[in-house]
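Read through the structure below, which is laid out as structure tokens, and then see the notes.
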Amino acid sequence: MTAPRTPTPRKALGRLSLPERTFVADALRTETVGGVLLLLAAVAALIWANISGPHGSYETVSHFHFGVDALGLNLSVAHWAADGLLAVFFFVAGVELKRELVAGDLRDPKAAMLPVVAALCGMAVPALVYTLTSGAGGGSLAGWAVPTATDIAFALAVLAVIGTSLPSALRAFLLTLAVVDDLFAILIIAVFFTDDLDFAALGGAFAGLALFWLLLRKGVRGWYVYVPLALVVWALMYNSGIHATIAGVAMGLMLRCHRHEGEERSPGERVEHLVRPLSAGLAVPLFALFSAGVAISGEALADVFAQPETLGVVLGLVVGKTLGIFGGTWLTARFTRASLSDDLAWPDVFAVATLAGIGFTVSLLIGELAFEGDAAMTDSVKAAVISGSLIATAVATVLLRIRNAKYRRLTEDEERDEDLSGVPDVYEQDDPAYHLRMAEIHERKAAEHRRLAREKAAERDALAEVTGGAGEEHHGPA
């Protein structure tokens with residue numbers, strides 16, 4: 001007889017069991033959990049930076065350098081987070097973009113026109129708002145690109161938490177818009193924030209990307225092949241002068257995202273499934289932790305609305321994004337053959353346009369690049385990005401809750417089945433049998449109410465008799 005197995009005691013910080021690891025990984029693949037972790041990391045950064053002071057532990061850790069100096073990779077912790085870990089996020093964004101191009105809404109030009117134009121207008125108008133605001137106040141125009149980006153993880157998380165009854169077409173519209181937004185944000189980083197090019201390193205990076213593509217086409221499998229190659233490509237791209245996150249996007253776009261016969265998932269879907277928890281659970285939160293730590297005080301918040309550069313960022317995110325996305329969508333639907341989904345209404349588009357004003361992750365990155373070398377302005381722009389994103393979140397939350405309540409009522413009406421026929425009542429209005437069933441139901445209810453009325457009346461009469469009899473006995477002669 002086999003002796004019963006004694007359960008192994010759980011060690012502190014020990015390895016999770018397989019079911020636990022699976023549960024955590026699946027949770028990290030949801031927009032809600034990823035957005036919550038991003039928010040918690042940003043809050044932790046703000047608390048840490050403000051508790052430790054101007055030259056405290058937050059600054060010490062953020063500016064601590066490590067790496068291989070001979071390879072040009074002796075970077076600070078904040079730099080590793082922005083250039084290194086964020087490449088993982090952009091890799092996932094590249095895979096999402098590829099999937100949209102080959103199997104999603106971007107595959108059909110007619111279906112893609114509205115969100116694509118909305119994304120382009122949602123980048124052009126905020127840049128224009130910033131330029132006009134900062135230029136009119138005599139500020140620097142270097143930050144024009146800061147309010148152009150939308151944080152896809154944060155925006156989808158807010159939509160997932162609030163929009164429980166909103167049409168799925170609204171999420172698809174926001175996702176497509178955000179993916180296109182990410183693509184052009186990447187192009188802005190590559191074109192406008194590239195220093196002097198090292199053509200030898202750039203050539204090596206392109207050679208590495210070509211080898212990456214060739215191995216994929218040959219069907220070579222194994223993380224031990226691609227991960228080292230990806231690190232080499234990333235390092236060469238960083239040393240070339242082009243922002244290293246571009247390497248992540250390029251490799252994501254190279255993955256095959258259409259399924260061959262007999263495949264349950266394409267290689268792109270499999271890799272994204274594996275990498276997304278790393279992006280949502282580690283890369284993006286750590287970037288936020290070492291990017292969002294700015295000193296916040298009443299005076300600093302007042303300065304956000306007093307300086308032309310920071311005011312331009314806030315207005316660009318809150319006003320520019322809303323006007324650009326909603327206006328671009330309306331004009332496209334008005335003057336082209338493109339049309340809004342039948343499941344959506346214009347108030348839905350306006351609500352999601354305000355939600356796109358959350359420009360957290362990529363906006364913080366562009367802010368660091370735009371004002372590199374000016375630490376004070378960089379911190380001010382970060383505070384402006386956080387302020388603008390919070391305002392956009394608050395406004396979008398109110399609008400989305402209003403729309404969600406309306407759709408919830410519609411859903412309840414559509415799903416109501418009072419006659420218990422298995423078919424919602426709304427689809428049986430022309431069926432005489434439905435009305436006969438409803439008549440029987442109401443007659444039974446009416447009979448039940450009449451019975452209750454008789455019982456209550458009898459109880460009231462009996463109570464009146466008892467009360468009256470007791471009163472007569474009390475007032476009678478002794």
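Only this structure's heavy atoms are used, side chains among them; waters, hydrogens and symmetry mates stay out.
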>> If I compare all heavy atoms of Asp83 with all of Trp234, which pair ends up nearest, and what's the gap?
In response: O-NE1, 2.7 Å

>> Run Val95 and Arg276 through side chain to side chain contact (heavy atoms under 4.5 Å, CB included) and show every step you take.
In response: CA-CA 10 Å; Val95 177; Arg276 183 177 287 279; over 6 Å; no

Answer whether the closest heavy-atom distance between the side chains of [X] and [Y] falls below 4.5 Å.
X      : Y      : answer
Ser380 : Glu309 : no
Ile386 : Leu46  : yes
Leu317 : Ser389 : yes
Tyr130 : Thr148 : no
Phe290 : His79  : no
Val77  : Phe66  : yes
Val220 : Tyr226 : yes

>> According to side-chain hydrogen bond (donor to acceptor under 3.5 Å, both in side chains), who are the partners of Thr150, at least two apart in sequence or on a separate chain?
In response: Lys321

>> Under the criterion side chain to side chain contact (heavy atoms under 4.5 Å, CB included), I'd like the reasoning laid out for Val249 against Thr245: C-alpha separation, chi angles, the key distance, then a yes or no.
In response: CA-CA 7 Å; Val249 179; Thr245 52; 5.7 Å; no

> Can you check side chain to side chain contact (heavy atoms under 4.5 Å, CB included) on Val233 and Phe212, steps first, answer last?
Replying inline: CA-CA 9 Å; Val233 171; Phe212 189 89; 5.6 Å; no

N/O donor-acceptor pair under 3.5 Å between [X] side chain and [Y] backbone:
X      : Y      : answer
Thr378 : Phe371 : yes
Lys382 : Leu364 : no
His63  : Val61  : no

Atom [atom1] of residue position [X] - does it have more than 12 heavy atoms of other residues, nucleotides or ligands inside 6.0 Å?
X      : atom1 : answer
Arg217 : CZ    : yes
Arg270 : CZ    : yes
Trp48  : CH2   : yes

> How long is the span from the CE atom in Met377 to the OG atom in Ser140, to the nearest 0.5 Å?
Replying inline: 7.0 Å

>> Let me confirm one number: the CG-CZ distance from Leu216 to Arg256, rounded to the nearest 0.5 Å.
In response: 9.5 Å

> Between Phe326 and Trp346, how do the two ring planes meet: parallel, tilted or perpendicular, split at 30° and 60°?
Replying inline: perpendicular

>> Apply side chain to side chain contact (heavy atoms under 4.5 Å, CB included) to residues Phe287 and Leu365 and explain how you reach the verdict.
In response: CA-CA 9 Å; Phe287 168 75; Leu365 174 61; 4.0 Å; yes

> Taking Trp80 as the fixed residue, which of Leu85, Leu73, Leu86 is the one that meets the side-chain contact (heavy atoms from CB on, under 4.5 Å) rule?
Replying inline: Leu73

